[in-house]
Structure formats: structure tokens, C-alpha cells
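Position 1 is the first residue of the sequence; numbering continues from there. As the structure is a prediction and not an experimental result, all values here were calculated from the model.
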Amino acid sequence: MFETLKEQPADKILMLMQAFKEDPRDTKIDLGVGVYKDASGNTPIMRAIKAAEQQLWNSEQTKAYTGLAGDPAFGDAMVALVLGDTVPRANVAAAATPGGTGAVRQGFDMVRQANPDVRVFVSNPTWPNHLSILKHMGIPMVPYRYFDEDTRGVDFDGMMADLAQAKKGDVVLLHGCCHNPTGANLNLAQWNEVVALLLKTGATPMIDIAYQGFGDGLDADAEATRLVASSVPECLIAASCSKNFGIYRERTGLLMAVSQDASAQKLNQGTLNYLNRQNFSFPPDHGARLVTMVLTDDALRADWSAELEEVRNSMLGLREQLASELQRLSGSDRFGFIAQHRGMFSRLGTTPEMVEKLRADHGIYMVGDSRLNIAGLNKTTVPILAKAIIDVGI
């Protein structure tokens with residue numbers, strides 16, 4: 001029967017990784033894959049995570065299953081991290097998932113179960129896997145304008161005009177902070193306008209927050225998510241621990257269903273449990289337990305917060321260095337947006353042909369839509385990238 005299967009399109013980022021590996025040039029630079037790297041090009045294990053693993057190795061007594069929603073302590077710790085005290089814990093159903101991607105997938109499954117005719121409004125552009133998962137699930141997508149190719153900022157007027165077409169029963173997918181792939185974010189005043197529009201249309205927001213702590217700080221990065229969750233009747237939040245805890249391979253995420261009506265929590269929680277059971281049954285626990293240990297131990301949390309700040313400030317420094325170097329070489333401030341963007345990514349707003357020229361002529365690898373991973377740079381490679389950008393004529 002398998003001969004009837006059709007070949008699926010290759011993942012462009014994975015193809016880029018392979019091409020980078022096969023490139024023999026010593027001067028090549030990988031700005032494609034969305035993984036944090038330090039100045040040496042390594043993705044380190046965070047100090048607090050390493051310490052928690054050592055404690056866990058000494059204290060863990062069993063590898064038995066956790067509950068269908070994972071360890072409740074993990075849910076409590078993550079809900080507090082993301083939402084603070086803006087929403088009562090009793091109003092939030094939560095379930096652990098295999099990574100933030102698993103939370104996104106379960107969220108889409110939940111809204112489809114609630115409304116088989118659901119449409120999901122997605123920013124143009126968005127993380128490609130959002131589109132791939134929705135297409136695979138057969139859920140209709142409606143793009144809304146987001147990135148202005150001229151200013152390299154948010155096309156807010158276009159965004160609002162498109163979101164005004166949403167209606168009750170639709171879902172609006174939003175990036176909580178550090179928009180992927182553009183790095184361009186809404187300000188708080190704009191978020192307030194989005195909330196007002198959601199209340200007017202009756203559409204349900206779903207927030208993907210994968211980079212909390214990578215932009216302006218843990219609380220600042222969660223501000224928009226907290227505003228939405230505390231303002232609308234109900235919403236979904238997909239949170240990832242891959243980036244801010246550096247535990248990519250442990251696949252640690254959480255899906256939250258928030259309702260202003262506390263009586264809805266029992267049904268929402270039962271639905272999340274059911275969806276986990278149908279998909280992977282019990283979620284993985286190792287990464288979740290490490291996160292719980294870090295967030296509930298004062299010393300570990302302080303060390304984690306300090307290291308996360310080091311990571312965030314390192315990326316901000318690289319942004320400022322790159323924008324300054326490009327200003328020096330170009331004699332203009334047209335690349336100033338790089339210093340204004342937040343998170344791991346910025347989008348240069350150039351053509352795939354220019355991106356290919358960067359790869360062919362200079363060994364610089366980035367995604368075809370001109371998304372570059374700021375964390376793939378260091379102080380030495382920033383001037384190399386800046387010169388290449390100017391040389392190819394971007």
C-alpha cells in the first residue's frame with residue numbers, strides 16, 4: 001500500500017543545515033537554523049539546568065508515567081512564569097506537550113474539536129511549521145498582513161484591516177513576543193487595539209510564545225500574552241521551554257486553555273487530557289521536571305534568570321553591532337531596524353536571489369525569505385556579514 005504515498009516537500013531549514021555541513025569553506029556562517037549559539041558557536045547547557053540534572057540524578061526514584069497532562073507542578077510553574085498573577089490559576093487548564101510544537105499542534109486539535117469549521121488567521125509571514133501543521137490537518141488558513149517589506153516593521157494598519165474580517169468561531173494566531181521570522185513586534189498600545197478588535201469580532205486568540213526572555217526580559221516579553229489572557233473571554237497559549245531553558249532536545253512545552261469563567265476549567269482540562277491520550281498518551285517528563293526544579297528553587301532560578309539575561313543582552317549587543325557596522329559601510333540608516341527588532345531573528349526584507357548570492361559568493365547561509373538568526377553571529381563574524389550584505393547590493 002505504501003507505493004501510493006506521495007513524496008513530501010523537504011523542509012527548507014533542514015535542507016539548509018545539510019548544505020551548510022557540506023560546504024567546505026572555512027569562512028562559512030550559519031544563520032539559518034533557529035538555535036541559540038554562544039560566541040564559540042556552541043549551544044550550551046545552561047548552568048541551572050546542569051545543576052538540576054545533577055540533583056535529579058541523585059534524587060529520582062522512578063521512571064513511572066506522570067499524569068496525562070504531565071506533572072501538575074510543571075503546569076503550575078509555567079502558568080506562573082507566563083501569566084504571572086494576571087489570571088487566577090483556577091481559570092487555566094494546562095497540559096505538558098512534546099515541545100512548543102506539540103503545544104501548537106494540540107491547540108489546533110482542540111479548536112478543531114470545538115468547531116470543525118474553524119479558520120485560523122496567521123500572520124504573513126509566520127513560522128513555516130504553523131502553516132505546515134494546519135495544511136496537514138486540513139484546517140483553512142487566512143493570512144493577515146504583518147510585515148512591511150519597506151520599513152521592516154509591522155504593517156499594523158494592514159493587520160487590523162485583515163483581522164477585522166475574523167468572526168466568532170475563528171482563531172487568530174499571534175506571536176507573544178520576538179516574532180518569528182521577522183523580529184518585528186507590536187508595541188503595547190497596538191496590542192490593546194488588537195484586544196479591542198478581538199472583543200469586537202468574537203474571534204478566539206491563540207498565542208505562540210516560544211522566546212520569553214529573549215526580547216526585553218521575562219516579564220516584558222510576557223506582557224502582551226498577559227494582557228490578552230486577562231482581557232478576552234477565552235484563549236489558548238502554546239509555550240515552549242526549548243529556547244529560554246536551552247533544552248531543545250528534551251521537547252518540553254505546555255498548552256494552556258484560559259477562560260474567564262472558572263467553571264469551564266474542568267471541561268477544558270478534560271479535553272486537553274483526552275487530546276494528549278489520543279496523540280502521545282503521557283508527555284515526556286525529563287525536561288519538564290528540570291524546568292520545574294529551576295523555577296521552584298530560589299538559587300537555581302536566580303542563576304537561570306542571570307544566564308538568560310546574559311543571552312538576551314548578547315543578542316542585543318550583536319544587533320546593535322550589526323546595525324552600526326551596516327550604517328558605517330552603507331552611509332545610511334536603512335538597516336537601523338535590526339537594532340529595533342527583538343529575539344533571535346530579523347528579516348532583511350530582500351529577495352531569494354540576494355540570499356542565494358550571499359550563500360554562493362560569501363558562504364553565508366540564511367533562509368530564503370531573508371530571515372537571519374542573530375544568535376548565529378559573534379563579534380568576529382558581524383563585520384563579515386555586514387560587508388557581504390553591502391557587497392551583494394542589499
Asks: Below 30° counts as parallel, above 60° as perpendicular, anything between as tilted: where do the rings of Tyr146 and His179 land?
Replies: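 Rings of Tyr146 and His179: parallel, under 30°.
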Asks: Please go through Tyr65's hydrophobic cluster and name the other residues, only I, L, V, M, F, W, Y counting, with side-chain heavy atoms under 4.5 Å joining them.
Replies: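 Same cluster as Tyr65: Leu68, Phe282.
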Asks: Who passes ring pair (Phe, Tyr, Trp, His ring centres under 6.0 Å) against Phe20, sequence neighbours left out?
Replies: Tyr365
Asks: For Val122, which fellow cluster members are found when Ile, Leu, Val, Met, Phe, Trp and Tyr are connected by side-chain heavy-atom distances below 4.5 angstrom, either directly or through intermediates?
Replies: Val104, Phe108, Met110, Val111, Val118, Val120, Leu131, Ile133, Leu134, Met137, Ile139, Met141, Val171, Leu173, Met206, Leu236, Leu255, Leu272, Tyr274, Leu275
Asks: So does Lys28 have more than 12 non-hydrogen atoms from other groups sitting under 6.0 Å from NZ?
Replies: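 Above 12, so yes.
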Asks: Report the distance from atom CG of Leu163 to atom CG of Leu174, rounding to the nearest 0.5 Å.
Replies: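 One finds 7.0 Å between CG of Leu163 and CG of Leu174.
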Asks: Above 12 or not: heavy atoms from other molecules or residues under 6.0 Å from CZ of Arg249?
Replies: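 Count not over threshold, so no.
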Asks: Considering non-hydrogen atoms only, spot the tightest contact between Phe245 and Val294 and give its length.
Replies: CE2-CG1, 4.0 Å
Asks: Asp216: what forms a salt bridge (Lys or Arg N to Asp or Glu O under 4.0 Å) with it, not counting sequence neighbours?
Replies: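 Asp216: salt bridge (Lys or Arg N to Asp or Glu O under 4.0 Å) contacts with Arg342.
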Asks: Applying ring pair (Phe, Tyr, Trp, His ring centres under 6.0 Å), name anything that partners Phe214, two or more places apart in sequence or on another chain.
Replies: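 Testing Phe214 for ring pair (Phe, Tyr, Trp, His ring centres under 6.0 Å), a comparison that skips the adjacent residues, returns none.
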Asks: If you measure from the Lys or Arg side-chain nitrogens to the Asp or Glu carboxylate oxygens, is any gap between Asp23 and Arg25 under 4.0 Å?
Replies: yes
Asks: Of all residues at least two apart in sequence or in a different chain, which pass the salt bridge (Lys or Arg N to Asp or Glu O under 4.0 Å) check with Asp148?
Replies: none
Asks: Is a side-chain donor or acceptor of Thr271 paired with a backbone partner of Leu267 at a separation under 3.5 angstrom?
Replies: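 Here the side-chain-to-backbone pair exists.
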Asks: Of Asp85, Asp221, Asp219, which is the lone residue that meets salt bridge (Lys or Arg N to Asp or Glu O under 4.0 Å) with Arg226?
Replies: Asp219
